[in-house]
Amino acid sequence: MTLMPAPSADTLRALVTRLNGVAAQGDSVALFSEMLTISKETFGSKLFSALLWDPDRGAILRVFSDDLERYPLGVWKPMGPTPWGAKLLKGGVPVLCRDETELRWAFPDADLLVSMGCIANLSAPVRDNGEVLGVVSISERSGAYDDAQLAAFEHLAQCLVPAYRAEINRHAASFDA
């Protein structure tokens, strides 16, 4: 598999339109599923996760995964205190991991990711009026992603705001726990 080029401006606009059409249906699972499909088609993806951010807890909650056996839903992960969390969750800056060294910097569960062949990673904050609601993340083989793909992925991630708002409302009790 060679590095997929970042989508053109026209393709990116079409993908945003596609995501916004699904978002209008008001079904967060359908919107996450559409983002998963787009991620596989556009960037390549062996693993996809959508995670809510709770700044009070300093942790993220997985609300969508395409590998439920290894990455189940409803699990809180303390990523706020990590360098990845400081940059992405607290700073709102997307993160690109190109290789195993960068992956190990970002993720405490890097051994599991490496065992799955998920070395490269794109993680984008989902922001609403400057507030980071969570993160969407895809992983692929080493060297699969670049800065242009990260920018395109981050742009698409913002289409997920309605799904993140719905999931925050749905999981409100666990934010208070």
Side-chain angles (χ1 to χ4, degrees), residues 4 6-7 11-55 57 59-80 84-85 88-89 92-97 106-107 109 112-113 116-118 120-141 144-145 149-175:
M4 296 174 136
T11 300
L12 198 55
R13 277 191 292 279
L15 294 173
V16 166
T17 299
R18 188 169 143 188
L19 285 168
N20 287 338
V22 175
Q25 299 170 14
D27 180 346
S28 60
V29 173
L31 186 52
F32 290 138
S33 295
E34 188 65 19
M35 183 66 173
L36 166 62
T37 299
I38 286 171
S39 295
K40 286 180 180 281
E41 293 171 353
T42 308
F43 307 102
S45 174
K46 290 183 178 184
L47 180 64
F48 178 97
S49 291
L51 307 119
L52 301 181
W53 166 232
D54 182 354
R57 184 178 294 208
I60 52 177
L61 176 69
R62 187 174 299 103
V63 294
F64 188 92
S65 169
D66 67 341
D67 187 340
L68 294 173
E69 184 178 314
R70 290 180 276 205
Y71 288 94
L73 306 184
V75 176
W76 285 100
K77 229 174 139 174
M79 293 297 287
W84 179 91
L88 194 138
L89 300 168
V93 177
V95 175
L96 164 64
C97 297
F107 299 106
D109 61 346
L112 176 57
L113 291 164
M116 296 167 58
C118 295
N121 178 274
L122 298 177
S123 293
V126 177
R127 294 180 300 272
D128 189 16
N129 294 320
E131 176 189 3
V132 175
L133 304 177
V135 60
V136 62
S137 183
I138 59 175
S139 297
E140 190 40 273
R141 61 161 177 75
Y145 303 134
Q149 290 172 314
L150 180 63
F153 186 70
E154 179 186 18
H155 186 75
L156 293 173
Q158 303 324 300
C159 297
L160 300 176
V161 167
Y164 277 77
R165 284 289 179 205
E167 290 297 317
I168 287 168
N169 289 336
R170 191 163 78 85
H171 293 281
S174 80
F175 274 78

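Please read these numbers as outputs of a predicted model, since none were measured by experiment.
- The minimum heavy-atom distance between Asp109 and Lys77, with the atom names listed, is OD2-NZ, 3.3 Å.
- Counting all heavy atoms, side chain and backbone alike, Gly44 lies closest to Ile138 at O-CD1, 4.0 Å.
- Nearest heavy-atom pair across Leu150 and Ser123 is CD1-O, 4.1 Å.
- Rounding to the nearest 0.5 angstrom, the gap separating the CD atom in Glu167 from the CG atom in Leu31 is 10.0 Å.
- Under the 4.5 Å side-chain criterion, counting only non-hydrogen atoms from C-beta, Leu52 is in contact with Ile168.
- Counting heavy atoms from C-beta on, the side chains of Val16 and Leu156 come closer than 4.5 Å.
- Residues passing the ring pair (Phe, Tyr, Trp, His ring centres under 6.0 Å) test with Tyr164 are Phe32, sequence neighbours excluded.
- By the 30° and 60° cut-offs, the orientation of the rings of Phe43 relative to Phe153 is perpendicular.
- Leu122 has its side chain within reach of Leu96: a pair of non-hydrogen atoms, C-beta onward, lies under 4.5 Å apart.
- By the side-chain contact (heavy atoms from CB on, under 4.5 Å) test, Arg70 pairs with Asp67, Leu112, Met116, sequence neighbours left out.
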Kindly determine whether Arg127 and Glu154 satisfy side-chain contact (heavy atoms from CB on, under 4.5 Å), including the steps that lead there.
CA-CA 10 Å; Arg127 294 180 300 272; Glu154 179 186 18; 3.0 Å; yes
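- Here the CG atom belonging to Asp54 is positioned 12.0 Å from the CG atom belonging to Leu133, to the nearest 0.5 angstrom.
- Here the side chains of Met79 and Trp53 are not in contact, with every heavy-atom distance at 4.5 Å or above.
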For side-chain contact (heavy atoms from CB on, under 4.5 Å), just list the numbers for Ser33 and Phe64, CA-CA rounded to whole Å, side-chain angles, deciding distance to a tenth of an Å, and then say yes or no.
CA-CA 9 Å; Ser33 295; Phe64 188 92; 3.6 Å; yes
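- Here the NZ atom belonging to Lys40 is positioned 13.5 Å from the CD1 atom belonging to Ile38, to the nearest 0.5 angstrom.
- If you take CZ on Arg18 and CE on Met35, they are separated by 10.5 Å, rounding to the nearest 0.5 Å.
- With contacts defined as side-chain heavy-atom distances shorter than 4.5 Å, the pair Ser65/Leu73 qualifies.
- Between Glu34 and Leu19 the shortest side-chain heavy-atom distance falls below 4.5 Å.
- Residues Gly74 and Leu61 approach most closely at C-CD1, 3.3 Å, considering heavy atoms.
- Note that the OG atom of Ser137 and the CG atom of Asn121 stand 3.5 Å from one another [nearest 0.5 Å].
- Atom CD of Glu41 is separated from atom CG of Leu36 by 9.5 Å, given to the nearest 0.5 angstrom.
- Between Leu88 and Ala124, the closest heavy-atom pair is CD1-N, 4.1 Å.
- Although no hydrogens or angles enter the test, the distance criterion places a donor-acceptor pair under 3.5 Å between the side chain of Asp66 and the main chain of Phe48.
- Judged purely by atom type and a 3.5 angstrom limit, Gln158 uses its side chain to pair as donor or acceptor with the backbone of Pro125.
- In this structure Tyr71 satisfies the ring pair (Phe, Tyr, Trp, His ring centres under 6.0 Å) test with no other residue, sequence neighbours excluded.
- Considering all non-hydrogen atoms of both residues, Ser139 and Cys118 come closest at CB-CB, 3.6 Å.
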